[in-house]
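Chain naming here is simple, since letters A, B, ... match the order of the sequence lines and numbering starts at 1 in each.
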Amino acid sequence: MSNVFAIFEQRIKEFVQQLDLKSDVELNLSRITVEPPRDPAHGNLASNAAMVLAKLAKQNPRAIAQLLADKLSDEPNVTNVSIAGPGFINITLSDEYWVHHLKEVLDQGKSYGGNATGDGLKVNVEYVSANPTGPMHVGHCRGAVVGDALANLLSFAGYDVTREYYTNDAGGQIEVLARSAYLRYREALGEDIGAIPEGLYPGEYLIPLGEALAKQHGEALLKADDEDWLPIVKKASIDGMMGLIRADLAALGVHHDVFFSERSLHKVENGSSPISRTVDRLTEMGLVYKGTLPPPKGAKPDDWEDREQLLFRSTDVGDDMDRALKKSNDDFTYFAADVGYFHDKFDRGFKEMILILGADHSGYVKRLEAVGRAISDGASKVTVRLCQLVKLFREGQPVTMSKRSGNFITLREVVDEVGRDAVRFMMLYRKNDAPLDFDFAKVTEQSKDNPVFYVQYAHARVYSVMRQAARDMGDLDISPNALKKADTSLLTDDGEIGIIKKMAEYPRVIDSAARSHEPHRLAFYLYELASLLHSQWNKGRDLPDLRFIHQENAPLTLARLALVYSVSCILASGLAIIGADAPEEMR
RNA sequence: GGUCCCGUAGCUCAGUAGGAUAGAGCAAUUGAUUCCUAAUCAAUAGGUCGGUGGUUCGAAUCCACUCGGGAUCACCA
């Protein structure tokens, strides 16, 4: 346990129980927190415990605070406990404590801060899930990065994470894809196909697919009936498109553990399919009925017609409206497949299912969460995180793209132009539910305007210092193992202690970012930590005493190298979660 | 019309389970390079947290209403 804040929170809760406060209601300790105070003058740790308890115990908060403060003062390493304002308990820890804490970072290296939250809980993160009808476009980018980083974060925090991609390989758009590919196949055999008809995919990425089909099947498919060639071309098309998508994802550094086929949910064996079995289950629970849906309130569509369909009573589990499970032609809807998919995930033992979706799916959230509740009977939780739109800019000018002409900006173009690291970091340098502006020029700029470079440079700077130390002090062992033995008590500058305090926040950042599913918090933290390092480095310009390397003083040099090396470990650990490199050199 | 998201400094945004005097970066002004990478740093200035009311010891944060911006809305996927 490296989380100082969690340690003290636990300790305070123990003390509260020892106080044996009288209360009519049961004391609720869950609201007690320990956090870094905004103002460093208030100490290192601040707790709201007394104020939370005051009302329940019907006592003066400052009186309770005093009782707790007395106990806290006797704790090792606590140098000062004060009561402030309405009843805050402010705790100051000794420099010796912080200097000792640095040892923990050194010992744990890149695993420092991890494995404290998840406790092995099985979590499924579903992200991207783009339709396999073409290469990925830039709109998919944000969800891919947010999902992947969240999966990394949860995994680091100790969850058992499965990264999943739901392949929409059933339904009408696959038939359109296959017909489009078939056209390219005929083209590959020398036929003049003219303009691509309305309703088919015009993209040139289908040309190689047509050529491959021609190569493999010759003219055999040409004379075949629709029902004979269609399955063959469908399969080849899906495989081909998924190949493109996987390659795009790989360029972005995104990898999934499971590609789950929608088609597999429709497959009937011994008279039932996964979907039909799920519907049966919901029927047993009394959540399925035949009926007609009311038209949307307000704007009633012109072509509205009442239809009797098989419906899911999702209003019973928190949705606004009941939802169709079957179309009027008796086929299952897309939504029914989704329900079946949740059922499958639930059967695979996931306690938490997270979906990363684009903002255009906002209307879909309630019904998905409702399905999760219904299928698992409350045992599993479905959380949906929406990613708002990304607006592209070039030199401040919006980049327009038209999807209609097939002339959209692909994910690959963006990655090729600005690099994987910049794309990933920038996509995470914003709350995911806020829209994001992405300027090609800005994200490739090599300055502190650009947080990616700022953070990476801090990491590289540490390695630069290490290289310099190796040159200046050739006989000194500065390997990580040697640094673990450094006498860190030689670190006395406020800036140095401040860096350790910032590092001590890392476990807390990981914990809270993982719990709230907000990987962007990590990106901001890394920026702050990098900033402290740059600042301390620059202090050495004015005050040579504060430089990291002192040729005549090996113990001090070792202590300071231990400090900056620890910083680099956390930066590397955080950058790995974000999915960006931690370069050792930037020239 | 329903639902969801956003509204914080001139600009782009953070704000951690409701906590103390609301924070960064950019832009502006001033300063620091014989030096471990100036791709950096230090300092100054900048705010009725869209508005009104409520909840309470305490609200940018929670609730209600309201204004402005965006997304979405029955058999598609």
Whole angstroms only, please: what is the [atom1]-[atom2] distance between [X] and [N]?
| X | N | atom1 | atom2 | answer |
| --- | --- | --- | --- | --- |
| A:L386 | B:C4 | CG | P | 12 Å |
| A:L546 | B:A42 | CG | C1' | 14 Å |
| A:E585 | B:U37 | CD | P | 10 Å |
| A:Y454 | B:A38 | OH | P | 13 Å |
| A:D433 | B:G7 | CG | C1' | 13 Å |
| A:N538 | B:C41 | CG | C1' | 4 Å |
| A:M321 | B:U72 | CE | P | 18 Å |

Taking atom [atom1] in both [N] and [M], compute the distance separating them and give it to the nearest angstrom.
| N | M | atom1 | result |
| --- | --- | --- | --- |
| B:U8 | B:G68 | C1' | 15 Å |
| B:C67 | B:G10 | P | 25 Å |
| B:A59 | B:G19 | C1' | 9 Å |
| B:A77 | B:U12 | C1' | 35 Å |
| B:U55 | B:A71 | P | 37 Å |
| B:C63 | B:U72 | P | 25 Å |
| B:C36 | B:C41 | C1' | 15 Å |
| B:G23 | B:A60 | P | 13 Å |

Tell which nucleotide pairs with [N], taking only Watson-Crick or G-U wobble pairs whose two distances are both under 3.5 angstrom.
| N | result |
| --- | --- |
| B:C4 | B:G70 |
| B:C13 | B:G23 |
| B:A42 | B:U30 |
| B:C62 | B:G54 |

Are a donor atom and an acceptor atom from the side chains of [X] and [Y] found within less than 3.5 Å of each other?
| X | Y | result |
| --- | --- | --- |
| A:S261 | A:D169 | yes |
| A:H534 | A:R461 | yes |
| A:E164 | A:Y341 | yes |
| A:E9 | A:N3 | no |

N/O (side chain, [X]) to phosphate O (OP1/OP2, [N]) under 4.0 Å:
| X | N | value |
| --- | --- | --- |
| A:Y364 | B:C76 | no |
| A:R461 | B:A38 | yes |
| A:K327 | B:A77 | yes |

Contact class for [X] (heavy atom, under 4.0 Å): base, sugar-phosphate, or nothing?
| X | result |
| --- | --- |
| A:K539 | nothing |
| A:M586 | base |
| A:T333 | sugar-phosphate |
| A:I549 | base |

Select one nucleotide: of [options], the one nearest the side-chain heavy atoms of [X].
| X | options | answer |
| --- | --- | --- |
| A:Y527 | B:G25, B:C41, B:C36 | B:G25 |
| A:R547 | B:A39, B:C41, B:C35 | B:C35 |
| A:D360 | B:A32, B:A71, B:C36 | B:A71 |

Quick one: does any side-chain atom of [X] pair with a main-chain N or O of [Y] as donor and acceptor, under 3.5 Å?
| X | Y | result |
| --- | --- | --- |
| A:R263 | A:A170 | no |
| A:N553 | A:L556 | yes |
| A:S516 | A:S512 | yes |

Toward the 5' end of RNA chain B, by each residue's nearest nucleotide, A:K366 or A:D472
A:K366
Please tell me which of A:G540 and A:G171 maps to the more 5' nucleotide of RNA chain B, matching each residue to the nucleotide holding its nearest heavy atom.
A:G540
Might you point out which heavy atoms bring A:A580 and A:Q456 nearest each other, and give the distance in Å?
CB-NE2, 4.2 Å
I need a per-nucleotide contact map over nucleotides 13-22 of chain B, read 5' to 3'. Cutoff is protein heavy atoms under 4.0 Å; write B for the base, S for backbone only, - otherwise.
SSSBB-BB--
Flag yes if more than 12 heavy atoms outside A:K501 fall under 6.0 Å of its NZ atom; otherwise flag no.
yes
